[in-house]
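Convention: sequence-line order gives letters A, B, ...; per-chain numbering from 1. Predicted model only: the values in this text are computed from it and were never measured.
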Protein chains: 2
Amino acid sequence: MTVPEPVSLNIRLPHVQVEEAITAMIGQMQPGDQLPTEPALAKRLGVSRATLREVLRTFAERGILVRRQGVGTFVTSRIPILETGLEVLESLERMAKRLGLATKVAHLETCERAATPAEMAGLALPGNNPVEVLVVDRVITVENEPVADLRDVVPLGYLRKEAIGNDFGGSVLDLLLQRNDLMLSTSRTDIIAEETGPHCAARLSISPGSALLKLTAQLYSYDEKVVDYSISYFVPGHFKFHVMRRVINK
Amino acid sequence: MTVPEPVSLNIRLPHVQVEEAITAMIGQMQPGDQLPTEPALAKRLGVSRATLREVLRTFAERGILVRRQGVGTFVTSRIPILETGLEVLESLERMAKRLGLATKVAHLETCERAATPAEMAGLALPGNNPVEVLVVDRVITVENEPVADLRDVVPLGYLRKEAIGNDFGGSVLDLLLQRNDLMLSTSRTDIIAEETGPHCAARLSISPGSALLKLTAQLYSYDEKVVDYSISYFVPGHFKFHVMRRVINK
DNA sequence: ATCCTGTTGATTGTCAGACAACTGACATAT
DNA sequence: ATATGTCAGTTGTCTGACAATCAACAGGAT
């Protein structure tokens, strides 16, 4: 008979912990500082050099670290790692919280209905027979100023109206992240500039015709299904979006 | 005594070749297809499994591949790898060429002068004594329709007016990339929506007040200096920008 | 003095082989 | 029918080693 075996669960894979550790470490370092050598760092973090290197490479890929063979690994001088760029999908609420700002939800409306053809396309579903979806509309205010008008469209299989309780903080993404049966991977976000329409102008209390940043995003799970289709309008001047772009190596 | 040893030069590091090979391979595969197993792929590409894994991880990081322990590595269903997103820095001209569109340059103006304070800030230089810069203004047209109004600001040390010849295709970035003494790494691009001003409206032949997408970018070299500060206005509807955002793992 | 050249130590890049953990499918027992 | 055990296949990780590159320094030639 086999021993009961504590199983050790192995909640988090080593490379995830290493990633967090490196992030924290970089946050406390100055631009241009040199990281400990790979063998030293691997020993300190309790992983092998191979595992550490896989993580280091992703940081280099993002431009956060620079590695020079024969010299060392250095922190670049331009990443305020606290201020994440667009390449990380984070809810507005978490971002604001990190920056010490208080957010509120206004004009909250939720309904369950059949998806429109445009929404079906956004969810990457064949258009013939519409599925039932949960639609969540709301305006997010920061310091009592409206900054964003958001709509999320989620098939009922993933989220139902009941999940939007009185304590709803404004983030459908955070709700989906809490469900650990959904393995979310990435979001494809399209970016365009659009003039404010009358409806949006009223909700955001700005004048019609002014320029808004419009992000339409499709949130994918690991099995490549669209879990959430969202359309967001952002008032300029409140949030700064940026992207780190890597130079194509010829 | 040691053998003379052919030295073999080692022009390109293995992981660069592996990256190209994987890119090519993915391009010929269908979404959802499974890649060969790591040992098989490593053998085929002539590298060790460790090196292959470092590359595979960066692809997974970008959302191009999905890896599942105990199962395999799969191509995701949503990356038309030919259509790059914002996370890759590519000149408008190359992008258009790839898509089979012809670009032209209009309203080309170049001048060498002292940088303004705003430009000094964009170049991440201390503001006290202005440096001399090359400023390149132009409008890019696709199929004879103006689609973008671009300005590049480059310190004279990196580029001079003479480099902008009669055969200038419109891309300062491509000029900088040709110089292989400059090691370019990444670009930080800020994204905002802005209403069209009178000057821009005339150059782009659109009505003032309509919404434009404004990208301001700082191009960094490996030694962390800003090589190029650029301001770009894009007319909506001609180019679609998107970003793949990864979900923050809690 | 100045320039060139080789040496040396440190660090990242790569390799080979092994084992651990996980997954899915199938067979088996309850 | 529903668990449970087994097994092969795959990714995740580890260990130890060697190769390639770089910066700094010493020594010699000019």
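Residues V133(A) and A114(A) come closest through the heavy atom pair CG2-C, 4.3 Å.
For the pair F74(B) CZ and dT11(D) C1', the interatomic distance rounds to 11 Å; values are reported in whole Å. Atoms CG (L56(A)) and C1' (dT14(C)) sit 15 Å apart, rounded to a whole Å. Taking atom CZ of residue R67(B) and atom C1' of nucleotide dG9(D), one finds them 16 Å apart after rounding to whole Å. For the pair Q17(B) CD and dC15(C) C1', the computed distance is 16 Å after rounding to whole Å. Nucleotide dC15(C) holds its P atom 13 Å from the CZ atom of R49(A), rounded to whole Å. Taking atom CG on L41(B) and atom P on dT10(D), their separation rounds to 12 Å, with Å as the unit. Summarising the geometry, the separation between CD on E54(B) and P on dT11(D) is reported as 17 Å, rounded to the nearest angstrom. Spacing between atom CD of Q34(A) and atom P of dC22(D) amounts to 15 Å, rounded to whole angstrom units.
If you check dC14(D), dT11(D), dG13(C) against the side chain of E38(A), the one that comes closest is dG13(C). Looking at the side chain of T51(A), the nearest of the listed nucleotides dT15(D), dT13(D), dT14(C) is dT13(D).
Under the salt bridge (Lys or Arg N to Asp or Glu O under 4.0 Å) test applied with E38(B), the options K43(B), R44(B), R53(B) reduce to a single match, R53(B).
OP1 or OP2 of dG12(D) has not a single side-chain nitrogen or oxygen of H15(A) nearer than 4.0 Å. Checking the phosphate oxygens (OP1, OP2) of dT11(C), no side-chain nitrogen or oxygen of T73(A) falls inside 4.0 Å.
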Where do L35(A) and M29(A) land on the side chain to side chain contact (heavy atoms under 4.5 Å, CB included) test, with the steps shown first? CA-CA 9 Å; L35(A) 260 67; M29(A) 294 178 71; 3.9 Å; yes

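Crowding of E162(B) atom CD: a count of heavy atoms from other residues, nucleotides or ligands under 6.0 Å exceeding 12.
The residue among G70(B) and T37(A) whose nearest nucleotide of DNA chain C lies closer to the 5′ end is T37(A). Nearest-nucleotide assignment on DNA chain C puts the 5′-proximal partner with Q69(A), out of Q69(A) and R68(B). Summary of the strand contacts: A50(B) and G72(B) both lie near DNA chain D, and taking for each the nucleotide with the nearest heavy atom, the more 5' one is attributed to G72(B).
R53(B) comes within 4.0 angstrom of a nucleotide base, judged by non-hydrogen atoms across all strands.
Salt-bridge check for E112(B) with K161(B): failed, with every basic side-chain N at 4.0 Å or more from each acidic carboxylate O.
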